[in-house]
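Both counts, for ligands and for their atoms, begin at 1 and track the order of listing. Here, residue 1 is the first one in the sequence, and each next residue gets the next number.
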Amino acid sequence: MKRIILFGAPGSGKGTQAKLLEMKYNYVKISTGDLIRAEVRANTDVGIRVKSLLEKGELVPDDAIVGIVKCHLEKDYTDRNGYILDGFPRTIFQAEELSRIQVEHEVAIYLKIGNEDIIVNRMLSRLTCMNCGSIYSMLDETIQRNKTCNHCGNPVGQRPDDNPAVVRNRIHVYRAQTKPVIDYYKGKGLLHKIDASASVEDVTKAIEGILN
Ligand code: AMP
C-alpha cells in the first residue's frame, strides 16, 4: 500500500489535487476536513464537540481527528493502489500516530505558495461540494448557475470557514502548528516541494513526476 501525504496552506490546492489523483491512480482520498464537516452535519458526539473550533478556524483536538482517520484506515482498501491524505497530519502528535501505521511506500508532497494574497483570494472565491468535497471557482459560470457538483450532483456552496477573518486565522494556525510537521517529514527524507501557485494542470504534472 502506498501513502501520499499532501501538505500546504489552506487554499494551496490539496483538495483539488487529491481528487484528481484519486480518480487517475485509483487511490482513496482521505480528507480530514471533509470527514469532520460530515460529523458536524450529522450532529455526532464528535461533531457537536468540534463545531465551534471549525467555525473559528482552529484545529480540532488530536484525539478526535486521529480516531476518525484510524477508523477510515481500518477499512478494506485492497482494491486500491494506495491512499492520499489531504489535511492530515497537521500536528507532530498526528504525524507520530500516523507513523505507527506501516506502509510499503510513503511520499510527502508540499504544495508551497509564497504569496498569502493568492491563498486568500482562492479561498474566498471557491465553492465546495458538501458531499464529496470537490472544489470549484465562483468564476465558473456553469457552477454558479446550477450550484450542483459535476461529480456527485449534490449542492455546492461556500464553506462557512471560507470568510476573510477565519481564513486569516487558518493561515496563522497552519504556520504555527502544521509548518513544523513539514520539517518533520523533511527530516525523514520523504518531502518533495512543488510550486503550487502554478496552474492546476502544471501542479498535477509536477505531482505525477514525483509519483511515477
Ligand atoms: P480543511 O478542509 O482541511 O481546510 O479543514 C477544515 C477544518 O477541519 C480545519 O480548519 C480544522 O478545524 C479541521 N481539521 C481538518 N483536518 C484536521 C487535522 N488533521 N487536525 C485538526 N483539525 C483538522
Item to check | Per-atom contacts of ligand 1 with Arg170, taking only distances under 4.0 Å to non-hydrogen atoms | outcome: 4 (O)
Checklist entry - Is the closest heavy atom of Lys14 to ligand 1 under 4.0 Å? => result no
Checklist outcome for this item: Members sharing Tyr27's hydrophobic cluster, built from side-chain contacts under 4.5 Å between Ile, Leu, Val, Met, Phe, Trp and Tyr, are Ile4, Leu6, Leu21, Tyr25, Ile84, Val107, Ile109, Leu111, Ile194, Val203, Ile207, Ile210, Leu211
Next on the checklist: Below the 3.5 angstrom mark, is there an N/O of Asp161, backbone or side chain, next to an N/O of ligand 1?
Outcome noted: no
Item to check | Side chains of Thr78 and Asp76, donor plus acceptor under 3.5 Å | outcome: yes
Checklist outcome for this item: For Leu59, the atoms of ligand 1 under 4.0 Å from one of its heavy atoms are 21 (C), 22 (N)
Item to check | Interfacing atoms of ligand 1 (cut-off 4.0 Å, heavy-atom, Arg37) | outcome: 2 (O), 6 (C)
Checklist entry - So, is Val60 polar-close to ligand 1, with some N/O to N/O distance under 3.5 Å? => result yes
Checklist entry - Should the pair Glu96-Arg100 be classified as a salt bridge under the 4.0 Å nitrogen-to-oxygen rule? => result no
Item to check | Thr44 and Glu39: side chain donor to acceptor below 3.5 Å | outcome: yes
Checklist outcome for this item: Sorted by chain and number, sequence neighbours left out, side-chain hydrogen bond (donor to acceptor under 3.5 Å, both in side chains) with Lys70 holds for Glu97
Checklist entry - Which residue and non-hydrogen atom of the protein lie closest to atom 13 (C) of ligand 1, and at what distance in Å? => result Leu54 CD1, 3.8 Å
Item to check | Salt bridge Lys19-Glu22, side-chain N to carboxylate O under 4.0 Å | outcome: yes
Checklist entry - Does the Asn169 side chain pair with the main chain of Lys56, one donor and one acceptor, at a distance under 3.5 Å? => result yes
Next on the checklist: How far is atom 20 (N) of ligand 1 from the closest protein heavy atom, and which atom is that?
Outcome noted: Gln94 NE2, 2.9 Å
Item to check | Per atom 19 (N) of ligand 1, closest listed option by heavy atom (Gly87, Ser52, Gly11, Pro10) | outcome: Gly87
Checklist entry - Are any of the N or O atoms of Asp86 closer than 3.5 Å to those of ligand 1? => result no
Checklist entry - Short N/O distance, under 3.5 Å, between Gly57 and ligand 1? => result no
Checklist entry - Identify the closest protein heavy atom to atom 11 (C) of ligand 1: which residue and atom is it, and at what distance? => result Glu58 O, 3.5 Å
Item to check | Closest approach of any protein heavy atom to atom 4 (O) of ligand 1, naming residue and atom | outcome: Arg159 NH2, 3.1 Å
Checklist outcome for this item: CG of Leu59 to OG1 of Thr91, rounded to nearest 0.5 Å, is 7.5 Å
Next on the checklist: One thing to verify: whether Asp34 and Arg41 come together as a salt bridge, which I'm taking to mean a side-chain N less than 4.0 angstrom from a carboxylate O.
Outcome noted: no
Checklist entry - In the protein, what heavy atom is nearest to atom 16 (N) of ligand 1, and what distance, to one decimal place, separates them? => result Thr32 OG1, 2.8 Å
Checklist entry - Less than 6.0 Å separating the ring centroids of Tyr77 and Tyr83? => result no
Item to check | Nearest-contact summary for atom 15 (C) of ligand 1 - protein heavy atom, Å | outcome: Arg90 NH1, 3.4 Å
